[in-house]
Amino acid sequence: MRPSESFPKVKYLYGPVATIFASTKTGSWRILRPVIQQEKCTRCGTCAKHCPLDVIEVDRGNKEKEVVIDFEYCKGCGICANVCPRKCIEMVPERGVK
Amino acid sequence: MIQLKLYGLGGQGVVTAGKLLATAVAIYENKYAQTVPAYGHERRGAPVYADVILGEEPILVKSFVYKPDYVMVFDLAVLEKGVDVTEGAHANTCFVVNAHQLNPEFPFINKFGSVYYVDATKIALEVLGIDIPNSAMLGAFAATGVVSIDAVCAALEETFKGKAGERNVEAARRCYEAVRKFS
Amino acid sequence: MDGNAAAAEAMRLARVQVISAYPITPQSPIAEKLADFVAEGSLKAKYVRVESEHTAMSVAIGAQLTGVRACTATSSVGLALMHEVLGVASGCRLPIVMAVVNRSLASPWSLWCDHQDSMAERDSGWLQFYAEDPQEVLDYLLIAYRVAEDPRVLLPAMVCMDGFFVSHTPAVVLVPEQETVDSFLPPYNPANLYLDPDDPMFVNDLTPPSDYTEMRYQHKVAFEEAFKVITEVQEEFFRLFRRRYSFIETYKCDDADVVLVTLGSMSGTAKYVVNELRAKGYKVGVLKIVVFRPFPADQIRNALKHVPVIGVMDRSAGLGAEGGPVWIEVSRALSGLEPMPKVAGFVGGLGGRDLAPHVIEKAFRNLIDIKEGKIEMRQGSKWIDVREDAMKIREVKVNV
Amino acid sequence: MYEMMTQAKGLVSHGISTCHGCGLELAVRHILSVLGPRTIIVIPPGCAALFSGFGKETAVKIAGIQGNLENTAAIAAGIRAGLEMKGIEDVTVLALAGDGATVDIGLQALSGVFERGDRILYVCYDNEAYMNTGIQASGSTPLMAWTTTTPGKKPVWRKDMLKIAAAHRIPYVASASVGYIDDLRKKIAKAKEAKGPAYIHLQTPCPTGWGFDPSRTIELARLAVQTRSWPLVEIVDGRVEITVKVDKPRPVSEYLSMQRRFAHLTQEEIDLIQQNVNKDYQELERMKT
């Protein structure tokens, strides 16, 4: 028997518990913004693999598809720029960039 | 309410004797019994004691014994170790002592009630092959009439089981026969 | 069967599934016996041989959260070591049931009985029962499981027994049939917090000030609910097992003008002394507190409202307080009564010192003297059995 | 149970209040992506507690509990015992604790789990100090590192947790690094299958505590390995393997000089650290089968 089958549902839980899966909009923390030179990028995926927030979308090997970063969450730490083997990500000041 | 104090040395089964006696009375005579063991850091050879209370009615008291009606001495060596086995004894207190013979100098002679003695060590060695006189001493105690020898033997059989039970019963019965009243 | 054996037997009857216990005198026989039950197959449980009491309680918490009945047992400094995690068990509302064999706290080191260990945990959010003898140990443990697991309560419970005086004192114990126990105590069915990959939640995360008070309030309400639930469960226990229990037990209190309030094994001795004193014409009685958490203030007030002089025997020192903890709570429960009874406190039986009949009698004599106007009642708890040379027991040679 | 207030690619939500460039944050995503949803996680207070959540909200999609600082292993053992009694075999019990909660206050409970053979996967994320409380030294803080409680420098060696774990003869022990993600993922996958306790000691550089630019977390983690300061090894049933071989090590000074916590080091001290790194690596090669 799976434990959940034995658990009756109750409307209110007592004691400390989190039941909502949520996130903090960490994009507002950003001072520097990663800008990708899409033409130079080989879509190797190194940046996505090392992004602490997992917010870089790369279709590996597919040059047709642009690399996309979710700026709602990107903190602008710059790890992606640092690990990029071809150095095609640049960190630019957040303000003044659209 | 009958109160008992058992004195002996660590390793002689004093605490076990208290439990056996309580079992004999409570289970096999349908009366009430209680033993509060006094545990401590004591190890083999150190003086130990156990307190037993027996009664016709439920025993309310949950404490040690201060005025024993019966005192069992498993080993007279406790006297040399500074234990006063007569503490709290009164005019009718009966002593049951493991001794080959009694010395009139012993503190329990002629000052209280009656004194019974038996060489329980010798019997234990002969029957059990070990110097643990507790079963034998319980047999001797049955001679006082407080508990029947049959109840003691039943408790011994239950506790030790099988061959060991039989031998302990034999030690108890031999002691029961051999015990003498000092006069 | 002694108190320890009765505790192990109760846990087997409750079909506990995870046992995490660490040996400590005088609790060790419980840990040993449960290990035996598991080894011989008479109890289907996982025995986790932990390396400390802190871990014992932590394992119980983890296990209970998966939806099984967990149990442990401890004593003295072991209970103190658990202190931090006792709050986790109760705060997470996990109905873990634990046997506590009362033993003094260090220092001084002592192997023997008093109530300072469990009294130190009286505000840890656990239910507390105090047993007078091995039968009560077994019965209260079964009752504790039912109460603790009731969805209206969801609190962990300690069943406390006096070290040696109950834990190691054999007495005849009626062991109920497994079938009857099964009908009294159905399988554990966690309805509140749990850990289930198929139905995940995150338990015990950081809680902001905006919610903390409310969670404590829920906890407080659970204790209030426990009054109702304990009464119901005791009633059902009586129906099935024919032994009646209540929050308190009164002994010859009806016509008494002097009553001593007790806890645990001293209650029996106090009853014995009551009989002796009654034979001499004194109208005395005993009120034993069975459930200390939740504290049965109403029941105590009702039972004692007609009694002019009341004594409370604390088996803990209540250091720095006006008196012992039980005295403080009983005094509070009785305050406001008209006429206001005199409530005298006593401290005794510490570190294994026997609360012998003559000590209890001394307390009663003191109360009778107060009743008869021979002495004034002193505020705070009186140390009833302290040696006269208390301040001089360690004398060293000093060069003057 | 979880009410989904946000979308996430994996089991961890994308916005977590960890510091910029947090090595731990990257590690948690990879660990949980390897282990999958049938995992129960135990997290003590500390940086990783940011994943436990706050109030009603959590940042992981799996079942979890935040324990106390010292009982991560013990709670995990209890969960395993409970699952066992319920006949549930396919769930990984993951303990995720920092170096303070592991090598200091939690060592006793962890040692108990190792000795008993409880089947849990214990990952110590080592950022080499109590970072959540503000960079106080732990038993895993390296020799001569600055922390707020070792204002000059830490005068004593760190505990060798790998050897401590291995001395318990548990089936799986490994070191890992966020600089070597593939190696880490392989080790997590192996540890998941271990028949008893598995221990992974994972270095997660901390820009805040170590004093380096957040963009260089991976660079620094790799440098730790390439200078042989943080060898990547695996000890399976007592057999030692070096999983990332470093044949031409770079000087330790390269690794140290990138971190403010070592800024005060003299050449002599750097030499001492280098000598020790050499000695430790030689010993490791000797142990290798």
Side-chain angles (χ1 to χ4, degrees), chain A residues 1-7 9-13 15-34 45-58 68-85 87 89-92 94, chain D residues 1-30 33 50 52-66 82-83 86-88 91 178-179 181-182 185 204 207 213-222:
Chain A
M1 185 170 62
R2 285 257 166 270
S4 54
E5 290 167 31
S6 66
F7 295 153
K9 300 290 170 203
V10 292
K11 191 162 169 61
Y12 300 106
L13 298 177
V17 62
T19 59
I20 296 170
F21 178 69
S23 59
T24 308
K25 296 282 185 264
T26 43
S28 63
W29 299 13
R30 206 168 48 248
I31 298 165
L32 296 172
R33 161 188 287 239
T46 306
C47 56
K49 183 167 152 185
H50 292 93
C51 171
L53 292 99
D54 192 16
V55 289
I56 307 177
E57 212 53 63
V58 183
V68 181
I69 297 174
D70 186 346
F71 286 108
E72 210 173 347
Y73 296 112
C74 169
K75 293 176 187 167
C77 67
I79 285 180
C80 51
N82 185 268
V83 296
C84 176
K87 298 289 162 215
I89 305 177
E90 196 187 349
M91 299 304 291
V92 299
E94 176 71 12
Chain D
M1 169 70 73
Y2 286 130
E3 190 185 329
M4 295 296 172
M5 292 284 282
T6 187
Q7 296 302 311
K9 284 188 269 179
L11 295 168
V12 185
S13 81
H14 294 296
I16 310 272
S17 302
T18 50
C19 303
H20 281 78
C22 177
L24 166 66
E25 182 174 2
L26 177 62
V28 173
R29 290 181 196 284
H30 283 288
S33 111
L50 293 167
S52 309
F54 184 49
K56 290 179 196 175
E57 298 179 348
T58 181
V60 291
K61 286 181 193 165
I62 55 172
I65 173 171
Q66 185 172 320
L83 291 175
K86 294 194 80 99
I88 299 169
V91 170
V178 289
I181 294 293
D182 294 339
R185 293 181 68 101
T204 55
D213 188 88
S215 66
R216 303 178 80 175
T217 300
I218 303 301
E219 189 188 340
L220 195 63
R222 287 177 182 165

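Each chain gets a letter, A, B and so on, in the order its sequence line appears, and its residues count up from 1. In this text, all values refer to a predicted model and were calculated from it rather than measured experimentally.
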- Message: If I measure from the heavy atoms of chain D, does A:V17 come under 4.5 Å with its side chain, its backbone, both, or neither?
- Response: backbone

- Spacing of D:T58 atom OG1 and A:I20 atom CD1 [to the nearest 0.5 Å]: 10.5 Å

- Task: Identify which of D:K61, D:H30, D:M1 forms the greatest number of heavy-atom pairs closer than 4.5 Å to chain A.
- Result: D:K61

- Select one option (side chain, backbone, both, neither) describing which atoms of D:L11 are under 4.5 Å from chain A's heavy atoms. backbone

- Task: Report the option among A:P52, A:C77, A:S23 that has the most heavy-atom pairs separated by less than 4.5 Å from atoms of chain D.
- Result: A:P52

- Task: Could you tell me which of D:G53, D:C22, D:G55 has the largest number of non-hydrogen atom pairs under 4.5 Å with chain A?
- Result: D:G55

- Between chain A and each of D:L24, D:D213, D:V60, count heavy-atom pairs under 4.5 Å; write down the option with the most. D:V60

- Message: For D:R216, which atoms come within 4.5 Å of any heavy atom of chain A: side chain, backbone, both, or neither?
- Response: both

- Message: With a 4.5 Å cut-off on side-chain heavy atoms, are A:H50 and D:T217 touching?
- Response: no

- Message: Please give me the minimum heavy-atom distance between A:Y73 and D:T6, naming the atom from each residue.
- Response: OH-OG1, 3.1 Å

- Query: A:K75 and D:H20: which non-hydrogen atoms are nearest, and at how many Å?
  - Reply: O-NE2, 2.7 Å

- Query: How far does OG1 of A:T19 sit from CD of D:E57, to the nearest 0.5 angstrom?
  - Reply: 9.5 Å

- Query: Can we say D:K9 and A:D54 salt-bridge, meaning some charged N sits less than 4.0 Å from an Asp/Glu carboxylate O?
  - Reply: yes

- Look at D:D182, D:I65, D:V28 and state which one has the largest set of heavy-atom pairs under 4.5 Å with chain A. D:D182

- Message: Using only atom types and a distance under 3.5 Å, with no angle test, would you say the side chain of A:T26 pairs donor to acceptor with the backbone of D:G15?
- Response: no

- Residue A:C51 versus chain D: region with a heavy atom under 4.5 Å: backbone

- Is the closest side-chain heavy-atom distance between A:W29 and D:S17 below 4.5 Å? yes

- Pair count under 4.5 Å, heavy atoms only, with chain A: among D:E3, D:E219, D:M5, D:H14, highest is D:H14

- Message: Looking only at heavy atoms and a cut-off of under 4.5 Å, which of D:V178, D:T18, D:V12 has the most pairs with chain A?
- Response: D:T18

- Query: Do you know which two heavy atoms are closest between A:A18 and D:Y2, and how far apart they sit?
  - Reply: O-CE2, 3.4 Å

